Every structure is written in structure tokens, then in C-alpha cells.
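Presented below is the structure to which this report refers.
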Protein chains: 4
Amino acid sequence: MPDQSRRNPQVHQAVLDATWELLVTGGWSAVSVDAIAAKAGVGKRTIYRWWPGKNAVALEAFLARARSTPPPGSPASLAETLRAHARHFVDLYVGTRLGALLCELLGAAQSDPDLAASLREHWFLPRREPLRALITAGDPDLVLDLVFAPLHYRLLTGHAEVDHAFADKVVTAALLAHPAG
Amino acid sequence: MPDQSRRNPQVHQAVLDATWELLVTGGWSAVSVDAIAAKAGVGKRTIYRWWPGKNAVALEAFLARARSTPPPGSPASLAETLRAHARHFVDLYVGTRLGALLCELLGAAQSDPDLAASLREHWFLPRREPLRALITAGDPDLVLDLVFAPLHYRLLTGHAEVDHAFADKVVTAALLAHPAG
Amino acid sequence: MPDQSRRNPQVHQAVLDATWELLVTGGWSAVSVDAIAAKAGVGKRTIYRWWPGKNAVALEAFLARARSTPPPGSPASLAETLRAHARHFVDLYVGTRLGALLCELLGAAQSDPDLAASLREHWFLPRREPLRALITAGDPDLVLDLVFAPLHYRLLTGHAEVDHAFADKVVTAALLAHPAG
Amino acid sequence: MPDQSRRNPQVHQAVLDATWELLVTGGWSAVSVDAIAAKAGVGKRTIYRWWPGKNAVALEAFLARARSTPPPGSPASLAETLRAHARHFVDLYVGTRLGALLCELLGAAQSDPDLAASLREHWFLPRREPLRALITAGDPDLVLDLVFAPLHYRLLTGHAEVDHAFADKVVTAALLAHPAG
DNA sequence: CGTTAAGCGAGACGGTACGTCTTGTCTTCGT
DNA sequence: ACGAAGACAAGACGTACCGTCTCGCTTAACG
């Protein structure tokens, strides 16, 4: 494993930018290690030195964009907080490149256990944990899944609309399953 | 577009069987049009004549297995029916080849709109519609998603257990969102 | 082998015409059994019933055109006759579809012994024999090759012009090798 | 167009060797880019990077063998030199793999203008030019064709023997067309 | 201050899969 | 029974991408 301290940050960023650019321009199918290297003006070797493959690069490009917009905290009440998060999810991921990329990553993760683990560790868990801490009664994981599963499910399958109204409904329903709700 | 009536049913079946065999043996990554053709003793041209690509073949192989085991109808009560379907989902798809394949297909569908549409049309909708008809009050789609989204979500992300207990919990929670529940 | 008497002459002709048409339109590379069958409105099976393959069809199409223009006999003198034949060769085969086809057939014959034999039997020998009979002294085959080999050679390799002047020169040179010349 | 200096000479040689091996073992019909790549332990892409197709590879394999045996120079007299070259041609190409390959290449060149040009440039012309320079009177091209056309013609059509006696005869005849002969 | 080890751009390489093409056989119909 | 239509097995074609590798060049750390 190479020495992190000698890493060229410009190269790092150029790779992520090129990946994002390719995603925006041509979708997931336009993303290949060759294409990223060419667009970033970088040797393929350099990419494979720092990432295991294009899935990992794409995940990092996704996280960089997703992380830059943290959900607005609202400690007032659990209901308010969940509703804010659910609506925020809708705004960020429905009908956007970011949402499509999330779906693609989740799709790619089905045949790439490392990507699946990274996705859980760096995306799902960090978003669940703060909310989980707010749910003191009942089954926190159940409540969170009742909120976020329907949003992701519709995003992935496209079988129905995902909008603020739907977000509100799933939050309401989830809270019914919460003893304190 | 070739004439369906001239299709050789043995070839049709051999392709689906070979695809399934490859899936069981080596997982999704072992499935390629070349491999299917070789294992089925079939020309690649024949596969491309009847299917647009390997995704479509795999979908049909999946549907053939999934269709052969219809969920047990239980018209007694909505709660009973939903619980039966949810538990049936767990039995069939959690920790099984069929479940892994469903995830792979959903994953592949993220970059293959045709596959996505076929999946909706031939798998999701046929399973939703009968249940939807039973839900006469409130928002049927919401209730169904509250049941099935968490099951699929956990299957896809693997962030938590999916078992009968969880199935029961999501059914119970979903019914709370149902006026008649 | 099927019964020749039951053969449909219209089909026979349609195949030859379609082959020639393809040759004229798109060159040798446009000729395939599928294309011939489609253009002739004929089943592939029918073609394979009466010919061993596309080379044989093309040979017959070639012979039909080549045969329809027999060289003008000139029994006056050997020199006159050879010159007439050589010039006739130039007129018919240099820079024409017929000449290109002859080259293609000779080319294909290098990997198709049956075609090579047919070409010898139905094209080369019938053209040599009448002339051979006129050469009563010396080595008739040598004289004929001294005339026709340079013409074919230049046609095949394209390394120099083939015109009436060249035809005359090779005839003159060949006759020097003829005792009676 | 790739950088010649970065070419791996071992790969270059392995491809030519594999091609020759296939030719010797199974004839021209056994030569395919797939087969060459497999036998040489080389990716197909590598072959297509350096050659336009299998014809070009086969030509180079042919030239490598043909070049390794230059005709013996004999500056004594034109007659001696031509006779030596003609007999040399017979020895090398009549009844040998090399001769069969030359015929195949000439055949393939009929539908491949690039191959035809390469064949002229790298094989026919280099063999003609030195001899051409020796023929100071008359029409050098005519004399050369009177010698080499009959040899090639019989090799291609197989309608008669090609041996030393025939080689001597065509040389004798050709020199009769030479003013200084 | 020079050496040396690494990062890096570039891209050749072996390999796998893709989707298309052609060949020659076989099957299904219609007539 | 012949013929049209075309499905079929086989396999070659030329391309794309993957992940490894080998070149030189630059650049940072260390002697």
C-alpha cells in the first residue's frame, strides 16, 4: 500500500472531478477507468494505486458531493427531524444525478461486496446513527427503515412518485410504529 | 423481429437452464452471453435473436423460478394476507440464490432502463396488484411500500437482519397506517 | 444429390443473376449466400441443394458471362490468332467487373481445391485446348503460358499496365520460342 | 497510431511465429486472429494495435521467411542470373508451405487492396528491381514478366508442372525477347 | 547538494466479453 | 416433393474495458 503522505492532492481531485464529469455527461455507462484516466490526464496506474477500481472512485466522487450537503439538523422533535431528513432526501436524490448515482452504486454493490461494505460504512451508517440516537423507545432500526426504505425503494424501482407528500406520509406512518409517537 | 411461432422451445429452455446453472455455480459474474451459449450448446446469434442481452435472459430465468412458487393466498384478513406474503418473501429471497439474483437484477436495472421496465412490469406490478385490490381504504401504495420496501431495502443494503420477526413488524407497522387497520 | 430434371430453371437463373448483381454493386465482399438468397428471393437451402457454396455459384455466374463472349476465331495464322486472343483478353478482363471477378475467383481457388479444379476444367482448359491444337511444333503449353501468364500475372498483381501493346509484345515474344515462329 | 518504440519485440515475434505455426499445421483456413492470439498467448487487441488484420500478419510472417533466403546473386551473365533466380523460385515455392502461402496471399489480395499494395511493395518490387537493373536493353518489365509470370501462373492455377526444366525454358524464351540475348 | 525512492503520465499488454456477421445444416410451412 | 423462409450451431470478426506491467520524467526526502 502506497504512502498516503506522498499523494498528490491535485491528482486526487482531478480523478474525482473527471469521474463526476463523466457521470453527468454520459451516465454510469460512460464511466470506465480508461475514460477517467484520459479525462483527468492521469495514468491508469495512478488510479489503481489509490483505489481498488472504478466503483471505489465513483463512490468517493459521490460521497464528496453528498457530504458537502449535510441534512439540516432540527432537534426540536423527532417528527420534525425525520420529516426534515426525508424531505431533504427527496430534494437531493429524486430526479438528480446524485440520486441516479446512488442507485447505480447500490446496483454495482450487488456484485461488489467491497463497494457494498464501503457504502454501508460511509454513507448509510453515518446517516442512520445520528437519527438512531434520537429514537430512544421501541425499535430504532425499524423506524428508520420505515422512513428511508420506501424512499430508496421507489427511487430504485421507479414504480411510483417520490415527493414531499410521500416523504411526509412515510414519516407519519413510521412514527405510528414508535411507542413515543 | 423474428417469428415467435418458429421458435424452438427446447432451445428457449436450454438457454434459461444454462443461465440458471451458471448463476448457481458462479454467481452473477459468471453469467455472460458467451458462457450461456457454450453451456446451453447454442449459438450466440440465437440468444441475441430472442433476447436483447444477458440481462433480459437472466430476468426471464429469474421469473421462471419466481413464478413457479406463487405466494399462498389467504383471503381471511388483510393482516393475515400481508403477513403471509411478507414471510413468504423472506423465505424465498433472503439468503437464497433467488434473492441474490433479484438484487443483481435490480442493480443491473439501474443502468438498463429496459430491464428496469421489464422488472416493474413482470415482477413488481404482478405481485402488488392482487394485494392492492385488497386495500380499499387509505393509500394502498403507501401500505404496500411500508411492507415491501423495508424487506427489499435490507436485502439490498444488508445493513440488518431480514427474518420472520422483521416481516411481522413491518406488516404491523404498515397496518397502523391503514385506516381500517 | 437431387434430381436434375426437377430443377426449376427460373430459380437457377435468378440465383446467377442475383450473384452477378451483387458483384457489380458491391464487389466480391458483398457476395454471401445469405445476400444471394435474399436478392434472388430464394431459400438458402435451395442454393446449397444445387451448388456446394458461394464460390461455385460465383464461378457459374462468371462462366455464364465469360462464355457468352467467345473469342473470335482467326484461323489464318498462329500469330494472328494468338494476337486476337490476347487482345480479346485485354478487352474483356482488364479494368472490368469480369476481370476483377476472375481475379477473385482465382484468389478464392487458392483455399478451395474444388473451385480450383472447376476453374481449370471449365475456364482455363477450354480456352487453351483450341489454341493448343494449332501449335504443332515445340512445346504448346510453354507458348500458351508465355502469352497468357503475363496477362494474368499483371492483372493479378497490378504491378504494370495491361493493354493491347503489351498483348502484342507477349505474343511476339512467345512466338520466338516457337520453332515455326 | 501507436509508438513503435514501445513495441514489445517478443510479442511481435510470438505473433509471427504463431501465425506461421498455424499455417504449417492447418493451412490458411486455420489462420484467424483469435487463433493467432490464443497460440501466441497474446491479446487480440495487441494484434489489432500493430496490424490491420490477419492478412497483414500473414504477409509479414511470409516476408520474414521469404526474406531469410535471398536468391543467390550470379553477376556473370544475365542468362545465368535469370536462370538461377527462376530455379530458386521453383525450389522455394513449388510444393512448399511458402509457395502455398504466397498463393493464398495473392488470393486474399484480390479483395484486400492494402494487402495487394503491401505485397507489391515488399515482395514483388524488391525482387524485380535488382534484376531489372541488369537488363539494359529492350523492355526490362517484359523480360521479367516472361520469366516470372509463367512460374507464378502455373503455381496459382496448377494446370501444369513447375520444375527446373520449365524454369530453364521460360528463361531461354524470355531472353529471345531481349535484344542483347 | 546529490542520490534515491516514489509518484506520476503514458500506454502496451493478456484477457474476457461484447454484439455482429457468415457459413452450411435443418425445420416448418405453403403450394 | 420442391421451394421460401429462416432458425440454428459454430465460430471469426473488430471493439471496449479491466487490471497489471513497464517505461521515462519529475519530485520529494534523506544522506
Side-chain angles (χ1 to χ4, degrees), chain A residues 2-8 10-12 14 29 31-38 40-55, chain B residues 2-8 10-12 14 29-38 40-54, chain C residues 2-3 6-8 10-11 14 29 31-38 40-55, chain D residues 2-8 10-12 14 29-38 40-50 52-54:
Chain A
D3 181 352
Q4 285 286 346
S5 70
R6 304 199 54 173
R7 187 170 191 176
N8 182 341
Q10 297 180 4
V11 165
H12 188 163
S29 67
V31 177
S32 71
V33 178
D34 281 330
I36 295 172
V42 143
K44 288 172 62 178
R45 192 65 199 266
T46 301
I47 295 179
Y48 283 108
R49 185 166 15 242
W50 301 112
W51 291 276
K54 74 165 179 171
N55 284 348
Chain B
D3 181 352
Q4 286 287 345
S5 70
R6 304 198 51 176
R7 188 169 191 176
N8 182 341
Q10 297 179 4
V11 165
H12 188 162
S29 67
V31 176
S32 73
V33 178
D34 280 330
I36 295 172
V42 145
K44 287 172 65 176
R45 193 68 201 268
T46 300
I47 294 178
Y48 283 109
R49 178 157 30 233
W50 301 111
W51 291 276
K54 73 167 180 170
Chain C
D3 181 353
R6 306 201 53 168
R7 186 169 192 176
N8 181 342
Q10 297 180 4
V11 165
S29 66
V31 177
S32 71
V33 178
D34 279 335
I36 295 171
V42 143
K44 287 173 62 178
R45 193 65 201 266
T46 302
I47 294 178
Y48 282 108
R49 182 160 24 236
W50 301 111
W51 291 276
K54 75 166 179 172
N55 284 348
Chain D
D3 181 351
Q4 284 287 346
S5 70
R6 303 198 51 174
R7 187 168 191 177
N8 181 341
Q10 296 179 5
V11 165
H12 188 162
S29 66
V31 176
S32 73
V33 178
D34 279 332
I36 295 172
V42 144
K44 288 172 62 177
R45 196 65 202 269
T46 300
I47 295 178
Y48 283 109
R49 178 158 30 233
W50 300 111
K54 72 167 180 170

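For the numbers below, each heavy atom of this structure counts, side chains included, while hydrogens, waters and symmetry mates do not. None of the values given here were measured: they were computed from a predicted structure.
Distances shorter than 4.0 Å separate some side-chain N or O of B:R49 from OP1 or OP2 on F:dC8. In this structure, B:T46 reaches the F:dA9 phosphate: one of its side-chain N or O atoms is under 4.0 Å from OP1 or OP2.
Per the geometry, CZ belonging to A:R7 stands 12 Å off P belonging to E:dG9, to the nearest Å. Computed from coordinates, the A:H12 NE2 to E:dG7 C1' distance equals 15 Å when rounded to whole Å. At whole-Å resolution of the value, CD1 in D:I36 and P in F:dG14 are 11 Å apart. Going from atom CG of D:D3 over to atom P of E:dC13 covers 11 Å, rounded to whole Å. One atom, CD1 of C:I47, and another, P of E:dT25, lie 13 Å apart when rounded to the nearest Å. Rounding to whole angstrom units, CD of residue D:Q10 and P of E:dG14 are separated by 10 Å.
Every residue meeting the side chain to side chain donor-acceptor pair (under 3.5 Å) condition with D:D34, not counting sequence neighbours, appears here in chain and number order: D:K44. Residues passing the side-chain contact (heavy atoms from CB on, under 4.5 Å) test with A:A35, sequence neighbours excluded: A:L22, A:S32. Applying the side chain to side chain donor-acceptor pair (under 3.5 Å) rule to A:W50 yields no partners; only residues at least two apart in sequence or on another chain are considered.
Looking at every heavy atom in both residues, A:A40 comes nearest to A:A14 through CB-O, 3.6 Å. When all heavy atoms are compared, the tightest approach of C:I47 to C:V33 is CD1-O, 4.0 Å. Nearest heavy-atom pair, D:G43 versus D:A37, reported as atom, atom and distance to 0.1 Å: C-CB, 4.3 Å.
Nearest-nucleotide positions on DNA chain E place A:A38 closer to the 5' end than the other of D:A37 and A:A38.
Listed nucleotides E:dC8, E:dG9, E:dC13 differ in distance to A:W50; the shortest reach to its side chain belongs to E:dC8.
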Report, as a single string ordered 5' to 3', how protein heavy atoms within less than 4.0 Å touch nucleotides 18-31 of chain F: B base, S sugar-phosphate only, - not at all.
BBBBB---------
